[in-house]
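Worth knowing before you read on, the calculation uses all heavy atoms, side chains too, and leaves out hydrogens, waters and symmetry mates. So that the names make sense, note that chain A is the first sequence line, chain B the second, and so on, each numbered from 1.
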Amino acid sequence: MEDKIAKIKEGTVEVIDENELKEILAKDKPIAYTGYEPSGKIHLGHAITIMKLKQLESLGFKIKILLADYHAFLNGKGTVEEIAETAEYNKKCFKALGLIENTEYILGSEFQTKGEYTNNVYQLATLTTLKRARRSMDMVSREDENPKVASTIYPLMQTADMAALECDIALGGLEQRKIQMLAREGLPKLGLKAPVCIHTPLLHGLDGDDKMSSSKGNFIAVDDSEEDIKTKIKQSYCPKGEIEGNPLIEIAEHFVYPFEDKLIIERPEKFGGNLELSKEELLKIYSEGNLHPMDLKNAITNYMIEFLRPVRKYMNK
RNA sequence: CCCGCCUUAGCUCAAUUUGGCAGAGCGUUGGACUGUAGAUCCAAAUGUUGCUGGUUCAAGUCCGGCAGGCGGGACCA
């Protein structure tokens, strides 16, 4: 039990609430869900949550992935038809990342117009202030000079989703935090049980921006070609000696060390020869300025090309 | 339904009272400097001026219509 909790917490920012998590772990087949707005590219940021879902699956959870087509529509991401296509593509990406057999993929529009669901949304609408709803969308909403009513319906629907999907855990990136907290507050008011909310950290963009995001093009997509991975990493922001906000250090933390004890760094003799670094060693040597950024970049490039090889393979078949 | 205002490069905005070759900053791209990127320096690219009709030798600029947006008013039997 304690062991499971430690595993679940690993690589997350917060679990709200840990005591409730214990109760959930006692259940027979608890349900964990994450919702994704269909997106043109599935990138490493998405992959962090997918990997966490995989882990939850291995710990006995049933996984539900919401392909949130209506949410994307409300967020101005395109026409319903375009979004439906993107959703199919995303589903394939998620499968390529390993969520194949025991994962239930659910299209939002399949249930988000039903009576009980919309009733919950209307109930929540009477309980939620405009400001609170808008504020919850700060990190999620597409920036819009003229914000639409849609952006305030969005968090209410996300709350209703949790009830409809009967989830015990709602997993999401940290940008979801305010919506999730709104949900934890709102659901009990409807006499419903709020899920445990788990938030994963946000990856910095390759350009050093606060957030890796498909709209900014500062990401590595899970199905990027080897060439794309190379050039993207080569052009990445990577200040010497700095660990904080360094996207390549973050990639190492989230994509290398959960799976490998050592990161292999190959470099010519004139630069000191090859190295194999544990996480602690990497952080130490890099922050001391004793590992050249280019060596780190080359190592991460080689690693990520291999890491994502099965994904590319799956996507191409 | 009525009135007023707004719409110019990817973004923020210029374009002299009184029509005269559509510009800047940021961003983007390319080079220089670095064993990476960034910073810095140098260079370059980018426009159906919301759409549409008209006046004029000449319209971003003046007139009409339309669309979208913002603000207000009216209606509240």
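Contacts of A:D207 with the nucleic acid, taken as non-hydrogen atoms under 4.0 Å apart, are absent. Within 4.0 Å of A:K240, counting heavy atoms only, lies at least one base atom of the nucleic acid. Using a 4.0 Å heavy-atom criterion, one finds that A:K234 contacts the sugar-phosphate atoms exclusively.
When the P atom is used for both B:G72 and B:G25, the distance is 37 Å, rounded to whole Å. Taking atom C1' on both nucleotides, B:C66 is separated from B:G20 by 29 Å, rounded to a whole Å. Separating the C1' atom of B:C75 from that of B:G50 is a span of 32 Å, rounded to the nearest Å. Atom name P, nucleotides B:U12 and B:G27: the rounded distance is 15 Å, in whole Å. With both ends at atom P, the span from B:U61 to B:C21 equals 14 Å, rounded to whole Å. Distance noted for atom P between B:A22 and B:G38: 35 Å (whole Å). With both ends at atom C1', the span from B:G71 to B:C11 equals 25 Å, rounded to whole Å. Rounded to whole Å, the separation between the P atoms of B:G10 and B:G68 comes to 23 Å.
Whole-Å rounding puts the A:K148 NZ to B:G68 P distance at 12 Å. Per the geometry, OH belonging to A:Y237 stands 12 Å off C1' belonging to B:U36, to the nearest Å. As rounded to whole Å, 13 Å separates atom C1' of B:G35 from atom OH of A:Y286. Rounded to a whole Å, the CE atom of A:M294 is 13 Å from the P atom of B:G38. Taking atom NE2 of A:H292 as the reference point, atom C1' of B:G38 lies 13 Å away to the nearest angstrom. A:Q235 has its CD atom 11 Å from the C1' atom of B:U29, to the nearest Å. One can place CG of A:L206 at 17 Å from C1' of B:U28, the figure rounded to the nearest angstrom. If you measure from atom CD of A:E242 to atom C1' of B:A39, you get 12 Å, rounded to the nearest angstrom.
No side-chain donor from either of A:H71 and A:E37 sits under 3.5 Å from a side-chain acceptor of the other. Side-chain contact check for A:Y33 and A:D161: no donor-acceptor pair (N or O, by modelled atom type) lies under 3.5 Å. Side-chain contact check for A:T49 and A:Y36: at least one donor-acceptor pair (N or O, by modelled atom type) lies under 3.5 Å.
Partner assigned to B:G71 is B:C3, using Watson-Crick or G-U wobble distances below 3.5 angstrom. Pair assignment for B:U8: none, as no Watson-Crick or G-U wobble contacts are both less than 3.5 Å. Base-pair partner of B:C66: B:G50 (Watson-Crick or G-U wobble, both distances under 3.5 Å). When Watson-Crick and G-U wobble pairs are counted only if both distances are under 3.5 Å, B:A59 pairs with no nucleotide at all.
Residue-nucleotide stacking is present for A:F271 and B:G35, judged by a side-chain ring centre under 5.5 Å from the six-membered base ring centre and planes under 30° apart.
Closest contact between the side chain of A:D295 and the listed nucleotides B:G35, B:G38, B:U36 involves B:G35. Proximity note for A:N146 (side chain, C-beta onward) versus B:G35, B:C70, B:U36: the nearest is B:C70.
For the side-chain contact (heavy atoms from CB on, under 4.5 Å) with A:L275, the lone residue among A:D295, A:L263, A:I264, A:I265 that qualifies is A:I265.
Side chain of A:T126 to backbone of A:Q123: a donor-acceptor contact under 3.5 angstrom is found.
A:K232 and A:A221 make their closest contact through NZ-N, 4.2 Å (heavy atoms, listed as atom of the first residue, atom of the second, distance).
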